[in-house]
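These values consider heavy atoms only, across backbone and side chains, with no hydrogens, waters or symmetry-generated copies.
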Amino acid sequence: QVQLVESGGGLVQAGGSLRLSCAASARTFIRYAAGWFRQAPGKEREFVAGINWNSGATYFADDVKGRFTISRDRNKNTVDLQMTSLKPEDTAVYYCAVEKDYCSGYTCYASGSKTFDYWGQGTQVTVSS
C-alpha cells in the first residue's frame with residue numbers, strides 16, 4: 001500500500017514563498033514519476049510540476065514556470081515543491097502523486113491528474129493579496 005503524506009502548506013502573503021514536502025512510506029517504491037497537482041475551489045485538479053524519479057528531469061505548468069521548482073531525494077523517498085513569488089491565484093489544495101507505471105515526457109505528467117495512481121491527502125496553500 002502506497003502512502004504519501006504532504007506537509008508545508010499554510011498562509012502566505014503574495015510574493016512570499018513556501019516549501020511543500022511529500023514523504024512516501026517506507027514500503028513505497030517510486031519507480032518512474034512523481035508530481036504535484038493542485039485544486040482550487042470550483043476548479044478541476046491541475047498539473048503543477050513533475051519529476052522523473054531516475055533522471056531528475058523536471059516538468060512545469062506554464063503558469064508556475066520560473067517560480068516553482070521540484071526536487072526529489074531518492075534516499076529519503078521525498079518529493080519537494082519550492083514555491084516562490086506566490087500569487088493569490090496559486091491558492092489551492094496541493095497534492096503529491098506518484099505514477100507506478102512508466103511515464104515519460106511532459107504529456108504524461110500534464111495528464112497525471114487523471115492517470116497517476118497514488119495520491120496524498122493534500123495540503124492547503126492560501127496566498128493573500
Side-chain angles (χ1 to χ4, degrees):
Q1 180 72 22
V2 175
Q3 291 183 322
L4 303 171
V5 178
E6 301 100 334
S7 61
L11 173 65
V12 64
Q13 287 188 330
S17 300
L18 277 177
R19 187 177 185 90
L20 306 183
S21 186
C22 173
S25 61
R27 301 181 66 178
T28 297
F29 184 64
I30 303 174
R31 294 176 182 268
Y32 297 113
W36 285 92
F37 300 80
R38 67 187 181 189
Q39 187 166 20
K43 295 187 177 181
E44 292 188 353
R45 188 155 52 187
E46 64 178 9
F47 167 71
V48 176
I51 187 164
N52 182 293
W53 198 251
N54 297 307
S55 71
T58 57
Y59 306 88
F60 297 93
D62 287 342
D63 56 353
V64 306
K65 204 172 293 184
R67 299 189 297 123
F68 291 10
T69 56
I70 186 172
S71 60
R72 91 303 192 209
D73 186 322
R74 291 193 286 178
N75 291 325
K76 295 181 180 179
N77 246 10
T78 58
V79 183
D80 288 356
L81 183 69
Q82 178 68 49
M83 306 184 293
T84 63
S85 302
L86 283 162
K87 305 174 182 179
E89 49 264 44
D90 293 318
T91 295
V93 177
Y94 283 69
Y95 297 90
C96 171
V98 167
E99 167 58 56
K100 70 178 179 64
D101 294 319
Y102 182 75
C103 180
S104 179
Y106 178 83
T107 301
C108 178
Y109 293 86
S111 61
S113 60
K114 296 179 174 60
T115 59
F116 272 34
D117 298 292
Y118 304 112
W119 293 81
Q121 81 288 353
T123 184
Q124 177 70 45
V125 171
T126 303
V127 184
S128 63
S129 57

Between Thr91 and Gln124, does a side-chain contact (heavy atoms from CB on, under 4.5 Å) hold up when you go through it step by step?
CA-CA 8 Å; Thr91 295; Gln124 177 70 45; 4.0 Å; yes
If every non-hydrogen atom of Ala40 is compared with every non-hydrogen atom of Ala92, which pair is closest and at what distance?
N-CB, 3.8 Å
Please name all residues satisfying salt bridge (charged side-chain N to carboxylate O under 4.0 Å, His left out) with Lys65, sequence neighbours left out, ordered by chain then number.
Asp62
Taking only residues two or more places apart in sequence, or in another chain, which ones meet Ser104 in a side-chain contact (heavy atoms from CB on, under 4.5 Å)?
Tyr102
Compare all side-chain heavy atoms of Gln82 with those of Ser17 and state whether any distance is below 4.5 angstrom.
yes
In this structure, OG1 of Thr78 is separated from CG of Asp73 (nearest 0.5 Å) by 4.5 Å
Atom pair CD (Glu44) and NZ (Lys114), whose distance is rounded to the nearest 0.5 Å
5.0 Å
Each residue besides Val93 in its hydrophobic cluster should be listed here, by chain and number; the cluster joins Ile, Leu, Val, Met, Phe, Trp and Tyr at side-chain heavy-atom distances under 4.5 Å.
Phe37, Phe47, Tyr59, Tyr95, Tyr106, Tyr109, Phe116, Trp119
Any salt bridge (Lys or Arg N to Asp or Glu O under 4.0 Å) pairs touching residues 95-105, not counting sequence neighbours?
none
Kindly compute the distance separating CD (Gln13) from OG (Ser128), expressed to the nearest 0.5 Å.
5.0 Å
Point-to-point distance, once rounded to the nearest 0.5 Å, from CZ of Phe68 to CG of Leu20:
8.0 Å
Tell me if a side-chain donor or acceptor on Gln121 pairs with a main-chain N or O of Val5 at a distance below 3.5 Å.
no
Non-neighbouring partners of Gln39 that pass side chain to side chain donor-acceptor pair (under 3.5 Å), sequence neighbours left out:
none
Could you name each residue pair satisfying salt bridge (Lys or Arg N to Asp or Glu O under 4.0 Å) that touches residues 74-87, not counting sequence neighbours?
Arg19-Asp80
Residues in side-chain contact (heavy atoms from CB on, under 4.5 Å) contact with Ala34, at least two apart in sequence or another chain:
Ile51, Trp53, Val79, Val98
So how far is it from Asn77 CG to Ser25 OG, rounded to the nearest 0.5 Å?
7.5 Å
Restricting to salt bridge (charged side-chain N to carboxylate O under 4.0 Å, His left out), what partner residues turn up for Asp63, sequence neighbours left out?
Arg38
How long is the straight-line distance from OG1 of Thr84 back to CG of Leu18, given to the nearest 0.5 Å?
10.5 Å
Heavy atoms of Val125 and Gly9 approach each other most closely as CG2-CA, 4.2 Å
Ser111: what forms a side-chain contact (heavy atoms from CB on, under 4.5 Å) with it, not counting sequence neighbours?
Thr115
Could you list the residues that satisfy salt bridge (charged side-chain N to carboxylate O under 4.0 Å, His left out) with Arg67, not counting sequence neighbours?
Asp90
Quick one: salt bridge (Lys or Arg N to Asp or Glu O under 4.0 Å) pairs with a partner in residues 118-127, sequence neighbours left out?
none
With sequence neighbours left out, write down each residue that passes side-chain contact (heavy atoms from CB on, under 4.5 Å) with Ser55, or none if nothing qualifies.
Asn52, Ala57
